[in-house]
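A short write-up of the structure that comes next.
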Amino acid sequence: MSDQQNDQLHAMRHSLAHITAAAIRRLWPDAKFGVGPVVENGFYYDVDLGDKQLSNDNFGKIEKEMKKIIDEGQPFEKFYKPIDEAIAWAQEAKQPYKLELLNDLKRAGTTIAKDINAEELGLESQDASKVDEVSFYKNGDFIDLCRGPHVASTGEVGAFKLMRVSGAYWRGKEDNQQMQRVYGVAFPTQEELDKYLAMLEEAKKRDHRKLGQELDLFVFSDLVGPGLPLWTPRGTVLRKELDRFVQELRDQMDFQEVAIPHITKRSLYERSGHWAKFADELFHITTREGHEFAMKPMNCPHHTQIYASRPRSYRDLPIRYRETTMCYRDEQSGELNGLSRVRAFTQDDAHIFCREDQTIEEVMRLWQIIQDFYGQLDFPLSLRFSSRDPKKLDAYVGDPELWDKAEQELRDVVAKQKDMDIESEGIGEAAFYGPKLDFMAKDSLGRQWQVATIQIDYGQPQGLDLKYTDISGVEARPVMIHCAVMGSIERFLSVYIEHTAGRFPVWVAPEQVRVITVNQEDATVRFARQLSEMGKALGLRLYIDNDNESVGKKIRNAELMKVPYTVVIGEKEIESGRVVPRVRKDIEVSAEHDPHTVEEFLKTVMHETKSRVTKTSL
RNA sequence: GCCGACAUAGCUCAGUGGCUAGAGCGGCUGUUUUGUAAACAGCGGGUCGUGGGUUCGAAUCCCUCUGUCGGCUCCA
């Protein structure tokens, strides 16, 4: 899409936000309005209707009113008011939220409280040198404080649909009044809107919570508690296979596996800095003797204590630890969501302790692991650079100079990588101990998810007083590099399940081959068992369906479970000793479905498993 | 945590103040021995999420708690 088209779409969506507000005001004249910006795929408007609760049932009415306004083809007119007149207008119109914004504007030269995103308030271009004038837009009798731009008239806004209403804090602050946020999506044409809505439908169909249930991958128990997924045998296969792949890639880089307890005395986190920052999010434990412990919310402090257990020489570095292990965080109940946000999650974690002169090379090699992993899984990656918030420097541990150094090192690594560039900057999204390179995976529906991360950390080695002896016999401070490839396996699987719609490639599939018997005769069962035993000897995951059901029914069941290969065993197979594998429909088949000997068939499946191919060769 | 919606059998769902709460699928039993996406019959299966209230009477109305969902806030 060209910039011009982009600007046009932005103006359409922004104009629709105004039309939404205008329609709401026609229906509820006492409505108080907050802000109404453009967001991804659409727009929203925050409103305060007093005691009146909006629900989806009201959308028909609001949309009808919006369509009237659109049909009226009201021109959008821009005009300016001196700031004091604007304030008088807000008082007159009984718009306390607008009044607050205008008063801020007058006082501080900006409406933007330091802690709020300018774009979201829709006012960043109300520039400080011109505080004596504020821009307004008017359509019909609806006037709104706004920087624009808008389309020429309400008749030019394309296709839209109101989607949902939800609570939202005024100016995004938890202590503030909660308003009702009306969301809409909008596109230039009905076709594009329909396409977007179809994508949402598809996303709903492949929702990992739904597929997790249907494919028997994981469950939640009310007795165990929210945010604590339990993995079934099938789901556990996914976890193991993916993790094994990560570890094989790491083994090429000489990582050593370590193991740590899942709790610690509070003193560790006081030293690392976690206690001060995250005490509320820790699961706390008090022993019967009154000592305070906590469940580990991450692994780095524990790992540092293995490093610190003996004197280290510059010759020992880099020391590379890896461990796939569970962490526990007391997330707010409203934050929990399927596998994407849980209270117990598994990190495929790694920590490197190295000399400063080794940092860049180590980061580059970690980067390679990440690329290999996501390349194999057919995920395009993009890069996000997460740095300190320059306004909240006290929220971080470590010397500011070392932070600058760490951020520069990460940028240097990016500069050396030919095939990827920083796509977005997450200012204020760094960890409290160091800046991050975050890798975003784009799934098959075009959605982006943060997955892998590489972090350079000078803060914790300092706080925990890690050292080594350098070449001149002097004590030196190692650098710590954190790297997770999947990040949280739970979260990664939520993405991967939706990316594949549960149609996992053969090497990941919990069940690779289903053997279906035509009847329950001895010879049939014997042949099926033979095939299955041979497969298991090769390390394959096979399951025999010998139920007293029609072949059609058993095929259907295998299809529903998205098993990649199904073979039917009956008289023909017993006589010929050959099978005709049925291949899951999404898999591209290069050859005809020729009969294979059992050995040939199993060998092919094994080859696909060992070399982790995504497409089948049968 | 906050705002709102929702919670009926293992699953998907019907039942909006009035007989003993239903269906399909799944489960079990029997019949059938099946050839590439659903054989037939029978039988089980529910403290209608929890606790309280209103009422002659509550799955149904009200409150509490728990859980789930959509957002907000948060995310080492």
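First the proteins, then the strands, lettered A, B, ... as listed; each starts at 1. Quick caveat: nothing in here was measured; it's all calculated off a predicted structure.
Within the nucleic acid shown, A:Lys572 comes within 4.0 Å of at least one base atom, counting heavy atoms only. Residue A:Glu521 is classed as a sugar-phosphate contact, given heavy-atom separations below 4.0 Å to backbone atoms only.
A:Arg164 forms a cation-pi arrangement with A:Tyr183, by the criterion of a distance under 6.0 Å to the ring centre and an angle within 45° of the ring axis. A cation-pi arrangement, defined by a distance under 6.0 Å to the six-membered ring centre and an angle within 45 degrees of its axis, is absent between A:Arg13 and A:Phe43.
For the pair A:His351 NE2 and B:A76 C1', the interatomic distance rounds to 10 Å; values are reported in whole Å. In this entry the distance linking CG of A:Asp389 with C1' of B:C75 reads 15 Å, nearest Å.
Between the side chains of A:Lys562 and A:Thr500, no donor-acceptor pair of N or O atoms lies under 3.5 Å. Donor-acceptor pairing under 3.5 Å is lacking for the side chains of A:Thr324 and A:Asp348. Remark: the A:Ser424 side chain and the A:Arg384 side chain contain an N/O donor-acceptor pair separated by less than 3.5 Å.
Within 3.5 Å, no donor on the side chain of A:Arg329 pairs with an acceptor on the base of B:C74, nor the reverse. Contact annotation: side chain of A:Arg341 to base of B:C75, donor-acceptor pair present below 3.5 Å. For A:Gln178 against B:C2, a side-chain-to-base donor-acceptor contact under 3.5 Å is present. You'll find a donor-acceptor pair under 3.5 Å spanning the side chain of A:Glu573 and the base of B:G35, going by distance alone. Counting distance only, with no hydrogens placed and no angle test, the side-chain atoms of A:Lys296 and the base atoms of B:A76 include no donor-acceptor pair under 3.5 Å.
Nearest-nucleotide positions on RNA chain B place A:Val518 closer to the 5' end than the other of A:Val518 and A:Tyr183. Projected onto RNA chain B by closest heavy-atom contact, A:Val568 and A:Gln180 fall at different nucleotides, the more 5' of which corresponds to A:Gln180.
If you take atom C1' in B:G15 and the same atom in B:U8, they sit 9 Å apart, rounded to whole Å. Rounded to whole Å, the separation between the C1' atoms of B:A9 and B:G52 comes to 26 Å. Comparing the P positions of B:U47 and B:G22 gives an interatomic distance of 15 Å, to the nearest angstrom. With P as the reference atom, B:G24 and B:C2 are 43 Å apart, rounded to whole Å. Comparing B:G10 with B:G45, their P atoms are spaced 12 Å from each other, to the whole Å. Comparing B:U20 with B:G57, their C1' atoms sit 15 Å apart, to the nearest whole Å. For the P atoms, the distance linking B:U60 with B:G70 amounts to 26 Å, nearest Å.
Base-pair partner of B:G42: B:C28 (Watson-Crick or G-U wobble, both distances under 3.5 Å). Partner assigned to B:A37 is none, using Watson-Crick or G-U wobble distances below 3.5 angstrom. As the counterpart of B:G22, B:C13 is assigned, both hydrogen-bonding distances of the Watson-Crick or G-U wobble pattern falling under 3.5 Å. B:U50 makes up no base pair with any nucleotide shown, lacking Watson-Crick or G-U wobble contacts both under 3.5 Å. For B:G4, the paired base is B:C69 (Watson-Crick or G-U wobble, both distances below 3.5 Å). Base-pair partner of B:C75: not found among the strands shown (Watson-Crick or G-U wobble, both distances under 3.5 Å).
For A:Lys553, no side-chain nitrogen or oxygen approaches OP1 or OP2 of B:U32 to under 4.0 Å. Applying the 4.0 Å criterion to OP1 and OP2 of B:U33, one finds that A:Asn546 has every side-chain N and O outside that range. In terms of phosphate contacts, A:Arg209 brings a side-chain nitrogen or oxygen within less than 4.0 Å of OP1 or OP2 of B:G70.
When the nucleotides B:G70, B:A76, B:U33 are ranked by their closest atom to the side chain of A:Arg164, B:G70 comes out on top.
Ring pair A:Phe353/A:Tyr307 is parallel by interplanar angle, where below 30° counts as parallel and above 60° as perpendicular.
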